[in-house]
Protein chains: 2
Amino acid sequence: MSGQQLAGINLMDVKTVCLGMLTDGEASGYDMKKCFESSFGHFFPAGYGSIYPALATLARNGLVEFEQVLQDGKPDRKVYNITEKGREALMEGLANANPAHKLRSEFLATLWFAHLMTAEQIDTVIDNKLAEINEFLEMIEEFQSIECPGTGQGAQFVAGYGKHMASAFRNYIEENRKLLTKPVLADVKSAAG
Amino acid sequence: MSGQQLAGINLMDVKTVCLGMLTDGEASGYDMKKCFESSFGHFFPAGYGSIYPALATLARNGLVEFEQVLQDGKPDRKVYNITEKGREALMEGLANANPAHKLRSEFLATLWFAHLMTAEQIDTVIDNKLAEINEFLEMIEEFQSIECPGTGQGAQFVAGYGKHMASAFRNYIEENRKLLTKPVLADVKSAAG
DNA sequence: CGCAACATGTAAGCGGTTACATGATTAC
DNA sequence: GTAATCATGTAACCGCTTACATGTTGCG
């Protein structure tokens, strides 16, 4: 039970990711949100409601510092920088030897019960998901992590993961969707009877 | 804003999944937990702390009925059955044309920052994840959804998904892990200088 | 004229996780 | 004896989501 070593950071949560982003240089919460949207969000989503409170906590605990930057025409920015204490906390976060990789799929849960759905419903659900996947693949093709601290090896590895897995997902769906709408023997019999 | 049509069920949450499981016959919360553990949990995890409250809510709202079954030696069971109202609610849950499919990966978030880690740390994280994947693949091979309402087409589709994607995951990691531990040019230079 | 982009935050709510609480029987 | 299986539940907590709140500049 060593617990909360440095200000409550001991795993990969939104706070830790924000710290990590700051190792590449200063940024505002708004900047980080864009980064979550473009690259990070595909495997680790976060909205303003997570990011701003995370930054506030990090600042309270001295893991980041910020300066208020006044802009003409645009709203003020709070530009954050990571501190030495923050770097240490980040290292603790990265030290977890068993980081989770969790899927929560209402999509698969729905299709598990495909036998309770109409063929039209199933087709719609699948077509929509395929469209999503294709959109994602197009996007990942366009900007390979521009405007993010993402030129490193890790970013490449993760982007490659996204591409590889999305393709595998698409292939699986396309090759196996007929399983779901194919009438079962019992139905054929009762239709004939 | 049609909202909460039948007692608050309009998407694929734990409640809806429990309803779905009951279409295959009566079951207790304990039974359902086993089902979540064996098959469902890989893409839609749930523990007792989710399941029992879910069943209580479903019962309060008349979507399921139960009878207390006294057993000798063993604790009492509450055996649940779905009601007509429950079937309707389930259909509403299944009617969502855009069910989510969400990944939250601390694993990928960690590796994004691989350049801040030692080669040993990276290797450990990856080896552990590979072991997990292999365990999963062995398990999915052994029991293709025994002891679950899972003989249907949907269950087969989902099990196939698990196998296909886990293999793709493993392949990607094995073929690309060297990207992460390979020294970058700058490091080589500074080591030489 | 309206909408998107810029920019930061709060508050309420919701759903899931974890820990706690209980207790008999069976298998090692 | 001690751990696992059977079996159900509550309560606290934690973290993320969503909605709300505010206000300017610039573009179409």
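Convention: sequence-line order gives letters A, B, ...; per-chain numbering from 1.
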Listing request: all ring pair (Phe, Tyr, Trp, His ring centres under 6.0 Å) pairs with a residue in residues 60-100 of chain B, at least two apart in sequence or in separate chains.
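Only F66(B)-Y80(B) qualify under ring pair (Phe, Tyr, Trp, His ring centres under 6.0 Å).
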
Sequence neighbours excluded, which residues qualify as side-chain hydrogen bond (donor to acceptor under 3.5 Å, both in side chains) partners of K129(A)?
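Once residues adjacent in sequence are excluded, the partners of K129(A) under the side-chain hydrogen bond (donor to acceptor under 3.5 Å, both in side chains) criterion are E132(A).
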
Of the listed nucleotides [options], the one nearest the side chain of [X]:
| X | options | value |
| --- | --- | --- |
| Y30(B) | dT10(C), dT5(D), dG16(C) | dT5(D) |
| Q71(B) | dG9(C), dT8(C), dC6(D) | dC6(D) |
| P53(A) | dC16(D), dT10(C), dT8(C) | dT10(C) |
| S50(A) | dC16(D), dT8(D), dT17(C) | dC16(D) |

List in chain and number order the residues that pass ring-ring contact (aromatic ring centres under 6.0 Å, His included) with Y30(B), two or more places apart in sequence or in another chain; answer none if no residue qualifies.
none

Which residues pass the side-chain contact (heavy atoms from CB on, under 4.5 Å) test with [X], not counting sequence neighbours?
| X | result |
| --- | --- |
| D76(B) | Q68(B), L70(B) |
| E120(B) | T118(B) |
| A46(A) | V14(A), F36(A), S50(A), I51(A) |

5′-ward residue of the pair R104(B)/R77(B) relative to DNA chain D:
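Nearest nucleotide further toward 5': that of R77(B).
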
Assign each of D76(B) and G49(B) to its nearest nucleotide of DNA chain D by heavy atoms, then name whichever residue's nucleotide is nearer the 5' end.
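Of the two residues, D76(B) wins.
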
Which heavy atom in T124(B) sits nearest to a heavy atom in A97(A), and how many Å separate them?
CG2-CB, 4.0 Å

To the nearest Å, how far apart are K33(A) NZ and dC16(D) P?
14 Å

In whole Å, what is the span from the CD atom of E106(B) to the C1' atom of dC16(D)?
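Rounded to whole Å, this separation is 13 Å.
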
May I ask you to decide whether E106(B) forms a salt bridge with K102(A), counting only side-chain N to carboxylate O separations under 4.0 Å?
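Salt bridge flag = no for K102(A) with E106(B).
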
Earlier contact from the 5' end, DNA chain C, for G47(B) and Y80(A):
Y80(A)

How would nucleotides 22-28 of chain C be written as a contact map, 5' to 3', with B for base contact, S for sugar-phosphate-only contact and - for no contact, using protein heavy atoms under 4.0 Å?
-B-S---

Between the two end axes of the helix from dC1(C)-dG28(D) to dC28(C)-dG1(D), each built from 5 base pairs, what angle do you get to the nearest 10°?
40°

Supply the members, apart from V69(B), of the Ile/Leu/Val/Met/Phe/Trp/Tyr cluster built from side-chain contacts under 4.5 Å; use none for a lone residue.
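Members alongside V69(B): V79(B).
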
